[in-house]
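Not measured: the values here are computed from a predicted model.
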Amino acid sequence: MKTIIVIPARMASKRFPNKPMAMLGGKTMIQRVWEKAQSSNLGEVLVACSEKEVFEHINSIGGKAILTDPNIPSGTDRVFSAINDYTNIDQYESIINLQGDMPLINNMDIEKVNFPLKQGYDIGTIVTDIKNNDELKNNNVTKVIVEWTKKEIIGKAIDFNKNYKDLNGSVYYHHVGIYSFRFETLKKYISLSPSNNEKNRKLEQMRALDANMSIGVGYVKNVPISVDTKEDLLKAEKLL
C-alpha cells in the first residue's frame, strides 16, 4: 500500500507539558518516534507540529515537518491539516496517524495498522493484551472490546473506554494509539462534529464509531508503553 506516516506533536499537553522535546536516552521523544517511523520503510514520514521549536528540531535531523494551528482539537484533526493540501494525497492508499508518545514502538508493528484497510474497514488500528490488573484499572490506558473475525488477526472494534467498568464485555484489550485511514475516510471523519461520547470519554475514535464508521483491529504482542506522564518517561528510560 502506498503509505504516508504522519506524527502529530504538540507541546501543550496538560498531563505532560513539552512532551515532544522531553529527553529519552540522549534523544528527544519526537526524534525517537520519527526514527521508528523511518525504519518501518512504509513510506514518507511527516511530523505535524504546532510549535516552531519542534518544526526546527525535526528539520535539523533531516526530517520533514509542517506547522499546524495550535488550536486544532485532536491528533487526527492535526494529521488532516498537515496533509490536506499535499500533492497527490488522494493517491495514497493509507495515511497512518502515529502518536508522538510511542518512542519504543516496534517498527514492524507499525505496518500491521494497514491490515484492516486491506480487509475493507474504514479505519485501521491495533491492540495488545492487558498484562495485569493494575493496567486494567489504570485510566490512562484505553480499553477496547473486539469482535474477532479471524482470531487475533483481524477483528472489529465494538467500544472504547478508559474505565473498563463502563464497557459491556468480559475480555478487554489495550488499545494502541495508531490509526490508518484512506484520504476520503479521513476527510469524512474530519467533517464530523465531535460526538458526545468523544467529548465525555476524551477518545477521538468514538467520533468514528458514533458515525457508524467501522474500525478494524489487528493484534500485536508486547507493545511498549506510551509516554503519557513524567512517570512513564522514567519507565521508558529503564526499558532503554
Task: Under 3.5 Å: donor-acceptor pair, side chain of Arg201, backbone of Met206 - done: no
TODO: Using atom types as modelled and distance alone, determine if a side-chain donor or acceptor of Gln205 lies under 3.5 Å from a backbone N or O of Phe160.
DONE: no
- [ ] Over all heavy atoms of both residues, which pair between Ser39 and Lys36 is shortest? Give the atoms and the distance, please.
- [x] OG-O, 3.0 Å
- [ ] If the plane angle is over 60° it's perpendicular, under 30° parallel, otherwise tilted; pick one for Phe80 and Phe183.
- [x] parallel
TODO: Please say whether more than 12 non-hydrogen atoms of neighbouring residues, nucleotides or ligands are located less than 6.0 Å from CE in Met108.
DONE: no
Task: Test log, rule side chain to side chain donor-acceptor pair (under 3.5 Å), inputs His174 and Thr142 - done: CA-CA 6 Å; His174 181 156; Thr142 300; over 6 Å; no
TODO: May I ask you to test the Leu186-Val79 pair for a side-chain heavy-atom distance under 4.5 Å?
DONE: yes
Task: Which atom of Gly124 lies closest to which atom of Leu117, heavy atoms considered - done: N-CD2, 3.9 Å
TODO: Sequence neighbours left out, what passes ring pair (Phe, Tyr, Trp, His ring centres under 6.0 Å) with Tyr164? Give chain and number order.
DONE: Tyr172
Open item on the list: My understanding is that only residues two or more places apart in sequence, or in another chain, count here; which of them pass side chain to side chain donor-acceptor pair (under 3.5 Å) with Thr28?
Closed with: His57
Task: Close side-chain approach of Thr76 to Phe181, heavy-atom, < 4.5 Å - done: yes
Task: For Ile95 against Ile83, the heavy-atom pair lying closest together - done: CD1-CD1, 3.9 Å
Task: Donor-acceptor contact present, side-chain Thr68 to main-chain Ser81, <3.5 Å - done: no
TODO: For residues Ser74 and Arg207, report the shortest heavy-atom separation together with the two atoms involved.
DONE: OG-NH2, 4.0 Å
Task: Full working for salt bridge (Lys or Arg N to Asp or Glu O under 4.0 Å) between Asp129 and Lys221 - done: CA-CA 7 Å; Asp129 295 312; Lys221 291 183 178 180; over 6 Å; no
TODO: Report the C-alpha separation of Asp77 and Tyr189 in whole Å, then their side-chain angles, then the decisive distance to 0.1 Å, and conclude whether the side chain to side chain donor-acceptor pair (under 3.5 Å) test is met.
DONE: CA-CA 9 Å; Asp77 292 278; Tyr189 173 91; 5.3 Å; no
TODO: Indicate yes or no for a side-chain donor-acceptor contact from Lys187 to the backbone of Asn84 under 3.5 Å, with no hydrogens or angles considered.
DONE: no
- [ ] Establish, from distance only, whether the side-chain atoms of Asn139 and Asn163 form a donor-acceptor pair under 3.5 Å.
- [x] no
Open item on the list: Keeping Asn132 on the side-chain end and Glu135 on the backbone end, is there a donor-acceptor pair under 3.5 Å?
Closed with: yes
Task: Side-chain donor or acceptor of Thr125 paired with backbone N/O of Ile178 under 3.5 Å - done: yes
Open item on the list: For a side chain to side chain donor-acceptor pair (under 3.5 Å) check, start with the C-alpha distance between Tyr179 and Gln99, then their side-chain angles and the critical distance, and finish with the verdict.
Closed with: CA-CA 9 Å; Tyr179 301 94; Gln99 303 297 321; 5.8 Å; no
Open item on the list: Checking side-chain polar atoms at under 3.5 Å, does Asp122 have a donor or acceptor matched by the opposite partner on Thr185?
Closed with: no
Task: Under 3.5 Å side-chain donor-acceptor pair for Gln91 and Tyr86 - done: no
Open item on the list: Regarding Ser50 and Asp69, do their side chains bring together a donor and an acceptor under 3.5 Å, going by distance alone?
Closed with: no
Open item on the list: With a 3.5 Å distance limit and no angle check, can you tell me whether Thr149 reaches the backbone of Ile154 through a side-chain donor-acceptor pair?
Closed with: yes
Task: Listed partners of Pro20 passing side-chain contact (heavy atoms from CB on, under 4.5 Å), at least two apart - done: Ala9, Met11, Ile30, Val54
Task: Heavy-atom donor-acceptor pair, Lys143 side chain to Lys162 backbone, under 3.5 Å - done: yes
